[in-house]
Structures are given as C-alpha cells and as structure tokens.
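See below for the structure under consideration.
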Protein chains: 2
Amino acid sequence: MKEGPDIALIASLIGDPARANMLTAMMDGKAYTATELAAEAGITQQTASTHLKKLETGGLILQRKQGRHRYFALSDDQVGNLLESMMGLAAARGHVRTRTGPKDPALRRARVCYDHMAGELAVSLLDSLIGRDLIVSEGEDLSLTDSGGAYFSRFGIDLDSLNTSRRPVCKSCLDWSMRRSHLAGGLGKAVLDHTYAAGWARRVDGTRIVEFTRTGETAFRKAFDLI
Amino acid sequence: MKEGPDIALIASLIGDPARANMLTAMMDGKAYTATELAAEAGITQQTASTHLKKLETGGLILQRKQGRHRYFALSDDQVGNLLESMMGLAAARGHVRTRTGPKDPALRRARVCYDHMAGELAVSLLDSLIGRDLIVSEGEDLSLTDSGGAYFSRFGIDLDSLNTSRRPVCKSCLDWSMRRSHLAGGLGKAVLDHTYAAGWARRVDGTRIVEFTRTGETAFRKAFDLI
DNA sequence: ACAATGCTTCGGCTAGCATCGAAGTATGAA
DNA sequence: TTCATACTTCGATGCTAGCCGAAGCATTGT
C-alpha cells in the first residue's frame, strides 16, 4: 500500500470508453441529460445511469435535478483541464481513434460535423474539388476559384448570400477519423443542405450518421465527379 | 463512435492500481528495473513485465537496455505533469489512500516532481518570482522576463542552453498537496539541480522527499528572497 | 386518475483482463 | 561451456465490470 492521492481511482473512471465519451461531451461546459449522454456514448439509458453514478461518486461530475430531467456537468474546470491534458498526451502519442466504437462504421463513412459533412465521403469530395481547381488550398485556408463559383451555381447554391455573411465560405476542417481535411464553412453547409434536399441522404435520428441511399450515393458521386 | 484523441486508452493504462503504483514510483524521474517496480506494486515479476509492456506500447514509459538489466522511466515530463494533475484532482476530491505516515509532512514540504521540485517551498518560490516580475504568468503559461533572465544568471544557470532545447524553459505544474502551481520546465529542473549542487538539500533514498538541511533551507530562502 | 417521460435499480449474462506458475530467451560471470 | 541472473512469453484461471432486459420510482401533463 502506498500513501498519497489515489490516481488509479480517477484514471479508471476515465478509462472506460463509454465514460470517456460522456466526459468528452461535457467538456464544452454544458450540462446534458442522461439520455443525451447515453446516445453520445452509444449505450442504453440504464447503462449510462450506472456510469453517471460512478462518475458522480468519484467527484468528476455534478448532478442538477430540474423537473423530471437530471442534468449532468463536469464538477469544475479542474476536471476539464485534466481531460484536456490527457487529450494532449494521447494526441502526442498518436492515440487517435480511427477505429469506431461498438457498432458504427457508418460514422466513418459520412457524418455531421457541426453543420457540414465529415467522414470518408467528405474527404473524397474535397480531394476531388481541389484536383479540378474548383477550390484552391493555401495552407489551412481554402478559397473558391471562378470556375468553382460557376460549378456550385449549377446546384442552385446561392454564393452571393454566402459571401455577404460574415462566415467564411470555404474552410477546411480536420477529420479525426481520416486525419485529412474536409470542406467546412458556408459552402460546406450548403453542400450538406443540398444533399438532404436532393434526397440523397438523411440524418439517422439520435446519431451523427449521414445515411445515403444506394441511388443517393451514386447521384452524389456523379454530381461531384467522385471516382 | 467519436473521433479524436483516445483518452480512454491513456486513462485505462493509468487506471490499474499496479500500473499506477509503478508510474508513481517513476515520478521522481529516475529509471527503475522491472524487479524494483514489481516490488513497488506488490506483484510478481511476470505480471509487472506485461504491465510495463503495455505502458511502453501506450507511450507512457521508455525502456533502456543496459546489460541484463532493463530500466524503465517516464517518457517525458508531459507524462509526469499529467500524473501530478491527477494527484491534484484525486486529493481535491478526497480520494487519498490515507496511511499518513511520518513521511507525509516532509513530502508536502518539498518533493521531486519528475525532474523539478514540488511542495510548499516550490509553490512559495514561484509566488515570489511572479511577485517580483521575474516571471510573468499568462494563464497556464509562464515566461521569463528580461530581469528574470539576469536574475537566474546570477546562480550560474545557463539560460542559453535551456533556450536551445525544445523543452519550454518555464512551465507551470499543478501541485497536488497545495493545489497551486509551481515551477516546472527546463528552469524548474535547473533550480533543483542548483539546490542539490549547492548542498542545500538531498534526496531521501527510496522516496520523493527533498530534505533540506537547516542551513540549506535558510540559504535557499535567502537566495530566492522567500519570506 | 391515468398515461407518458426520464431516470434508476435489479438480475443475470458475458467478455476482458489481471494474475500467477511454468517454460523460454538473453546477458554476464565462473 | 555451464551456471546464474534478469526479464519475457505462454497457458490457464478466476474475478471484475460492463452490458442489456425488465421492473420500479418520480415527475409532468391531460
């Protein structure tokens, strides 16, 4: 037996993938319900409940009852900072999750990242656009070329209204699953909106998965000249 | 399921009590043999061997072969700092394996944290340095001022060689016993080295305690203008 | 009062992992 | 070469902990 703080207790709490996912979700400082966190971790409500109880007993999270909801949030910024440090170390050691969790290879295929699309298809899309000089990549920044502007107008994407907003039209976003960039920004959102509107794909409820129909994926590939 | 750094992997490595004990032992920055670490954790040699392999694969420790011995040590101070942060959180939440032996007060007074000093004296030191504008604190980062540079040169600390290394010269590290920051980084190491070289203090064998002599502590306080 | 929602608790199943004995490999000494 | 030391790998075992279905509370809405 050794004296001192029991780091194994804290670490083992974070060490379970389901709990780590829930804690990661709470790192934005917001409070979430048990159901939301269960979906985030890909487990059932009752499993999430036992995990949350353990985290609370361990002092990593706090619970706030409000009506029939129970909101969970990180105890304080000390917990958040620790998680951030661990992410830094994990990233530095190359421990980046490419392998998806229990049962969701669909997430790697295509998923929502804020309001645009990420995943294999999204990375292929940006590769194709750059390859045909419709978008130029300058380091981390992307910019639409003239031919690119004409190209996207074909899809009924209103570039003028995008240009007037403060938001950058083209932006690259690093894909953790691919370690490659995909298209974000106003244009990224417009492409995803168009994908929905054309009926090529739909959001799977409660997840970040973008599920293409068989004909939808073919149409998407043809529209954007993917291989 | 989620993309991003895999903190669960790192945390689960630390989360096993046997591994946590071994890592804690290595927090003094020294390298230990597998047999020593097995004794430290209270497990057999072969169990320790499998644990050490996992830690090495995970990038938390490094192995150095020397004759028929194999020495294991923490990969770098990033790992040490993470462990210290976890101790801080564990202590703050009351997760302390209380076997408050006679060593405990000495440990809180001054101890080794990877390669620099932690504990009450170390926290006082950083407070003093910041109070006299020798070091400026910007959030979590520390930086040495011009007058600070001149100040440390007095002690024969070679700042140029510190600056050339990739390691940050000034860095803050959270102290588990004090819940306050102390000085880490290249300068933190240099100060500890100077403390040893000046004969102000010595390491107590088999512990992380830094034991000052009576005159040594007086000299240390005078040298760095502590109260 | 009744139904619906949100969450927790219980019971049983299963997989993964820590653990150790024993055998195998590498290095150094006699 | 032969023995001793240091460590790793293999194989088997036993326990822990995550997981889910079902049932049980609690709160809100109708």
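A note on names: the letters A, B, ... follow the listed sequences, proteins ahead of strands, and every chain is numbered from 1.
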Validation row, ring centre B/Y32 to ring centre B/Y71 under 6.0 Å: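 Not close enough - the centres of the two rings lie 6.0 Å or further apart.
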Taking atom [atom2] of [N] as reference, at what distance in whole Å does atom [atom1] of [X] sit?
| X | N | atom1 | atom2 | result |
| --- | --- | --- | --- | --- |
| B/I61 | D/dC7 | CD1 | P | 13 Å |
| B/N21 | C/dA18 | CG | C1' | 14 Å |
| B/L37 | D/dT8 | CG | P | 11 Å |
| A/I43 | C/dC7 | CD1 | P | 13 Å |
| A/H69 | C/dT5 | NE2 | C1' | 8 Å |
| B/H51 | C/dG16 | NE2 | P | 18 Å |
| B/K53 | C/dT25 | NZ | C1' | 13 Å |
| B/Y32 | D/dC7 | OH | P | 15 Å |

Quick one: on DNA chain C, does B/R19 or A/A48 contact a more 5' nucleotide (nearest heavy atom)? A/A48
Would you sort out whether A/L62 and A/E56 count as a side-chain contact (heavy atoms from CB on, under 4.5 Å), showing the intermediate values? CA-CA 6 Å; A/L62 292 176; A/E56 192 185 6; 5.8 Å; no
Please check if atom CD in A/E84 has more than 12 non-hydrogen atoms from other residues, nucleotides or ligands closer than 6.0 Å.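 12 or below, so no.
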Kindly point out which of [options] is positioned nearest to the side chain of [X]?
| X | options | result |
| --- | --- | --- |
| A/D16 | D/dT8, D/dG18, C/dT19 | D/dG18 |
| B/T50 | D/dC19, C/dG6, C/dT19 | C/dT19 |
| A/Q45 | C/dT8, C/dC20, D/dC7 | C/dT8 |
| A/R70 | C/dT8, D/dC19, D/dT9 | C/dT8 |
| B/T44 | D/dA22, C/dG21, D/dT9 | C/dG21 |
| B/Q63 | D/dC20, D/dT8, C/dA18 | D/dT8 |
| B/Q46 | D/dT8, C/dT19, D/dC19 | D/dT8 |
| B/K54 | D/dG18, D/dT8, C/dC17 | C/dC17 |
| A/A18 | D/dT8, D/dC19, D/dA22 | D/dC19 |

Please determine if a side-chain N or O atom of A/S49 lies less than 4.0 Å away from the OP1 or OP2 oxygen of C/dT9.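 Checking C/dT9 against A/S49, no side-chain N or O comes under 4.0 Å of OP1 or OP2.
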Measure from the side-chain N and O atoms of A/S75 to the backbone N and O of A/G59, and report whether any donor-acceptor pair falls under 3.5 Å. yes
Backbone of A/A20 reached by a side-chain donor or acceptor of A/T24 within 3.5 Å: yes
Any base atoms under 4.0 Å from B/Y71, or only sugar-phosphate, or nothing? Heavy atoms, all strands.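 No contact.
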Base, sugar-phosphate, or nothing for B/T47, non-hydrogen atoms under 4.0 angstrom?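 Contact class for B/T47: base.
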Once rounded to the nearest 0.5 Å, what's the spacing between atom CG of B/L60 and atom CZ of B/R19? 9.5 Å
